[in-house]
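See below for the structure under consideration.
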Amino acid sequence: MAERKASRTAVLVCQGRAVADGRLAVGRFADPVAIELLTAAEQEPVGRVRSGVRPKPFGERMEYELLTGTTEVLVVRTVAIDDAVRERGNPQLVILGAGLDARAWRMAELAEVDVFEVDQPASQQEKRERLGERTALAASVRFVPVDFARDSLGAALAEAGHDETRPTTWIWEGVVPYLTPEQVEATVEMVGKHSAPGSRLILTYPVPSRVYSIGRKTVQVLLNLAGRNNPMAGEPNRSSWPPERMRKLLGARGFDVTTDVDQLSIARGLDLAIERDSFLASSRVTVADRQ
Ligand SMILES: C[S@@+](CC[C@H](N)C(=O)[O-])C[C@H]1O[C@@H](n2cnc3c(N)ncnc32)[C@H](O)[C@@H]1O
């Protein structure tokens with residue numbers, strides 16, 4: 001299999017958090033590290049969306065709309081996931097498909113927590129370069145390069161010092177759509193095998209939605225037509241899950257679903273003025289626990 005390139009969707013969602021920081025859901029959402037993980041060129045569209053002025057040129061306008069929609073999703077899912085991490089307070093946190101997730105560098109609540117960042121090697125290498133010498137707030141951060149499509153996650157985690165006899169919180173944010181159903185099932189099985197009682201799995205996943213897939217394709221066609229960078233080009237959507245099927249999959253691996261909520265409902269609870277309902281309505285945040 002050809003070596004994958006560093007994820008561009010990871011940059012897009014980081015830009016979304018940078019747009020939102022200090023502007024949306026203030027008091028519930030904050031990610032001051034996100035902007036610092038972006039290059040100068042990547043910060044430009046962030047600045048445009050933060051200004052609130054919709055650009056007139058077609059290409060810039062397309063980028064602006066994509067980033068505005070991404071920002072809404074990111075605020076909602078970040079708040080829900082951060083709450084679920086704090087509530088459980090487990091001593092180990094494994095972030096699956098971590099991308100430019102800055103939790104280990106921004107959440108003071110992780111001061112006693114050992115964090116394991118799992119991601120495909122090219123994405124992880126690029127993150128490490130972006131981080132430079134930045135000091136984490138977490139007790140420790142270990143980088144675990146793994147491609148879910150070909151590597152053994154269990155072996156790599158054990159080698160990195162993950163202790164399967166202690167409870168772990170697992171975050172799997174914005175990754176499920178990029179994996180095949182078989183890769184999702186294999187990953188849940190592995191998570192189940194390495195989870196002590198008290199462990200928690202927090203994941204986001206898309207439900208099947210024609211509106212969402214047509215919308216996603218349309219944005220990509222428009223970006224291409226405008227000659228703009230399409231961050232989704234190398235990362236096609238590979239799976240979506242009806243909630244009942246996801247519940248069964250998790251249940252079969254020893255995780256009982258505690259909450260499973262669509263992101264539009266979470267957005268309403270945060271009093272966010274949402275411009276794109278359908279995207280949020282077709283994405284869910286699930287918190288599942290092992291007794
Ligand atoms: C949209 S980004 C989300 C990043 C991060 N979880 C966040 O929300 O900021 C998708 C992430 O999934 C990772 N990913 C996708 N397919 C993967 C695979 N087969 N193995 C490991 N990581 C993968 C990418 O490297 C990327 O970091």
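Read the numbers this way: they start at 1 and go in the same order the structure lists the ligands and their atoms.
Side-chain atoms of S239 come within 3.5 Å of backbone atoms of L179 as a donor-acceptor pair (strictly under, hydrogens ignored). At distances below 3.5 Å, at least one donor-acceptor pair connects side-chain atoms of S123 with backbone N or O atoms of S7.
Within a 6.0 Å sphere centred on CD of E109, heavy atoms belonging to other residues, nucleotides or ligands number more than 12. More than 12 heavy atoms of other residues, nucleotides or ligands sit less than 6.0 Å from atom CD of E129.
Of all the listed residues (A98, G174, P121), A98 holds the heavy atom that lies closest to atom 5 (C) of ligand 1.
Among protein heavy atoms, atom 13 (C) of ligand 1 sits closest to D119 OD1, 3.3 Å. Looking from atom 19 (N) of ligand 1 to the surrounding protein, the closest heavy atom is D147 OD1, 2.9 Å. L179 CD2, 3.8 Å is the protein heavy atom nearest to atom 16 (N) of ligand 1.
Put simply, part of R17 is less than 4.0 Å from ligand 1, judged by heavy atoms. Remark: distances from the non-hydrogen atoms of E235 to ligand 1 are all 4.0 Å or more. Assignment of L96 to the shell around ligand 1 is not supported, since no heavy atom sits closer than 4.0 Å.
Of the inter-residue distances, the one linking W170 atom CH2 with Q92 atom CD reads 8.5 Å to the nearest 0.5 angstrom. Taking CG of L250 as the start and CZ of R253 as the end, the distance is 10.5 Å to the nearest 0.5 Å. To the nearest 0.5 Å, atom OG1 of residue T169 and atom CG of residue N90 are 3.5 Å apart.
Annotation for ligand 1: atoms under 4.0 Å from non-hydrogen atoms of A10 are 2 (S), 27 (O). Of all the atoms in ligand 1, the ones that sit under 4.0 Å from a non-hydrogen atom of V175 are 12 (O). Shown in contact with V146 at under 4.0 Å from a heavy atom are these atoms of ligand 1, numbered in order with element: 20 (N), 21 (C). Distances below 4.0 Å separate heavy atoms of S123 from the following atoms of ligand 1: 25 (O). Within the listing of ligand 1, atoms 7 (C), 9 (O) sit less than 4.0 angstrom from a heavy atom of V13.
Comment: D21 does not engage R106 in a salt bridge, judged by the lack of any side-chain N to carboxylate O separation of less than 4.0 angstrom. One finds a salt bridge joining R268 and D277 here, because a Lys/Arg side-chain nitrogen approaches an Asp/Glu carboxylate oxygen to under 4.0 Å.
Backbone and side-chain nitrogen or oxygen atoms of Y178 are examined, and none is located within less than 3.5 angstrom of a nitrogen or oxygen of ligand 1. Looking at S7 next to ligand 1, no N or O pair under 3.5 Å apart turns up. Some N or O of G97 is nearer than 3.5 Å to an N or O of ligand 1, by distance alone. At least one N or O atom of F148, backbone or side chain, sits closer than 3.5 Å to an N or O atom of ligand 1. For T9, no nitrogen or oxygen atom sits less than 3.5 Å from a nitrogen or oxygen atom of ligand 1, counting backbone and side chain alike.
A continuous path of Ile, Leu, Val, Met, Phe, Trp and Tyr side chains, each step under 4.5 Å between heavy atoms, connects M190 with L203, placing both in one hydrophobic cluster.
At a heavy-atom distance under 4.0 Å, only side-chain atoms of R77, from C-beta outward, approach ligand 1.
Exactly one of R142, R103, K127, R128 qualifies for a salt bridge (Lys or Arg N to Asp or Glu O under 4.0 Å) with E117. That residue is K127.
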